[in-house]
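Input: a single structure, listed below in structure tokens.
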Number of protein chains: 2
Amino acid sequence: MIKRRKNSVPPPPPDCPLRKCMELLSGAWTPDIIWYLRDGERRFNELQTDLPGVSAKMLTTRLKRLERLGVILRSPKPTSPPTVWYGLTPLGLELVGALSVVVDIGHRLKQSHEGSFETRL
Amino acid sequence: MIKRRKNSVPPPPPDCPLRKCMELLSGAWTPDIIWYLRDGERRFNELQTDLPGVSAKMLTTRLKRLERLGVILRSPKPTSPPTVWYGLTPLGLELVGALSVVVDIGHRLKQSHEGSFETRL
DNA sequence: CTGTATCCTGTAGGATACTG
DNA sequence: CAGTATCCTACAGGATACAG
């Protein structure tokens with residue numbers, strides 16, 4: 001007998017490809033990381049300054065997951081001190097295209113609202 | 001003098017168009033709502049059954065925000081009992097394209113991992 | 001049918017200190 | 001430099017009851 005506490009997470013819908021796929025971009029800083037890798041590899045430390053406010057904990061958490069998912073590649077270089085470069089896989093690079101579309105639409109919605117866009121988010 | 005509590009939200013980065021624009025899709029059920037409106041208008045009640053697990057509270061919250069943002073349109077019909085239809089604006093419809101790209105990439109990542117994709121999310 | 005209003009809690013993620 | 005390990009809390013969002 002499976003017990004469910006009152007406010008536990010609801011059972012996942014039987015089949016929901018969109019939700020599954022959107023989890024690719026879920027989590028704080030995830031789209032940002034992909035975005036800042038769009039022009040080539042970046043080191044851990046560079047990403048930390050690219051994303052002002054990110055904690056080392058979240059940055060490593062998100063980088064690890066994106067690597068597991070096949071979106072980014074981790075390349076440690078045996079320099080001294082050691083450095084680690086992160087870059088997008090081909091599929092990761094395609095995600096940048098989707099993000100660009102959202103950015104474009106966002107800008108156009110903003111214009112159509114004559115500047116009050118941010119306050120409506 | 002502005003006081004900041006210890007674990008308060010960090011100050012927003014000076015200029016970050018991606019983050020602003022990605023907020024369009026933020027919040028539970030937001031992409032799902034857009035997705036289920038892609039083929040035409042739906043009533044409040046229909047959306048509730050389209051999205052098993054959504055609470056009325058969140059559904060109205062998300063619908064209101066998407067309306068404010070210009071992504072969807074709310075059309076109450078003076079029937080009895082009253083019904084309300086929701087549909088995508090032209091810009092909202094363009095968001096569906098971006099979601100489709102993510103879904104497509106998700107499927108291909110899944111294949112490249114030979115089925116262990118879900119467990120990696 | 002289409003929502004509001006409360007109340008409550010799990011969890012994401014920040015702060016901080018520490019390691020190889 | 002590139003992370004780990006802990007600890008802690010704000011807040012998103014579910015449950016429930018109610019209203020027009």
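All figures in this text were calculated on a predicted structure; none of them were measured in a lab. Keep in mind that the numbers below use all heavy atoms, side chains included, and drop hydrogens, waters and symmetry copies. Within every chain, numbering begins at 1; the chains are lettered A, B, ... in the order of the sequence lines, protein sequences first and strands thereafter.
- Mapping R62(A) and P82(A) onto DNA chain C by nearest heavy atom places R62(A) at the nucleotide closer to the 5' end.
- Hydrophobic clustering, with ILVMFWY side chains joined whenever heavy atoms are under 4.5 angstrom apart, groups Y36(A) together with F44(A).
- A sub-4.0 Å separation between OP1 or OP2 of dC1(D) and a side-chain N or O of R43(A) is absent.
- Within the 4.0 angstrom heavy-atom criterion, no nucleotide atom of any strand lies near K77(B).
- R65(B) and S26(B) form a side-chain donor-acceptor contact under 3.5 Å, judged by distance and modelled atom types alone.
- Side-chain proximity of V84(A) to dC1(D), dG3(D), dT4(D): nearest is dG3(D).
- Residue N45(B) places its side chain closer to dT2(C) than to any other of dG3(D), dG3(C), dT2(C).
- Taking the nucleotide of DNA chain D with the nearest heavy atom to each of K57(A) and T60(A), the more 5' of the two is matched to T60(A).
- Applying the 4.0 Å criterion to OP1 and OP2 of dC1(C), one finds that W85(B) has every side-chain N and O outside that range.
- To the nearest angstrom, C1' of dG13(D) lies 15 Å from NZ of K64(B).
- Regarding E46(B), its CD atom lies at a distance of 13 Å from the P atom of dG3(C), rounded to whole Å.
- When each of dG13(D), dT2(C), dG14(C) is scored by its nearest atom to the side-chain atoms of F44(B), the top-ranked nucleotide is dT2(C).
- Distance, D32(A) CG to dG13(C) P: 11 Å, rounded to whole Å.
- Rounded to whole Å, atom P of dA12(C) lies 11 Å from atom CD of E23(A).
- A straight line from CD of Q48(B) to P of dC1(C) spans 9 Å, rounded to a whole angstrom.
- Rounded to an integer number of Å, the gap from CE of M58(A) to P of dG3(D) is 15 Å.
- When all heavy atoms of L99(A) and P31(A) are compared, the pair lying nearest together is CD1-O, 3.8 Å.
- Cation-pi geometry between R19(A) and W29(B) is satisfied (NZ or CZ under 6.0 Å from the ring centre, within 45° of the ring normal).
- The side chain of T83(B) lies closest to dT2(C), out of dT2(C), dG13(D), dG3(D).
- Look at CG on L59(B): it is 11 Å from P on dT4(C), rounded to the nearest Å.
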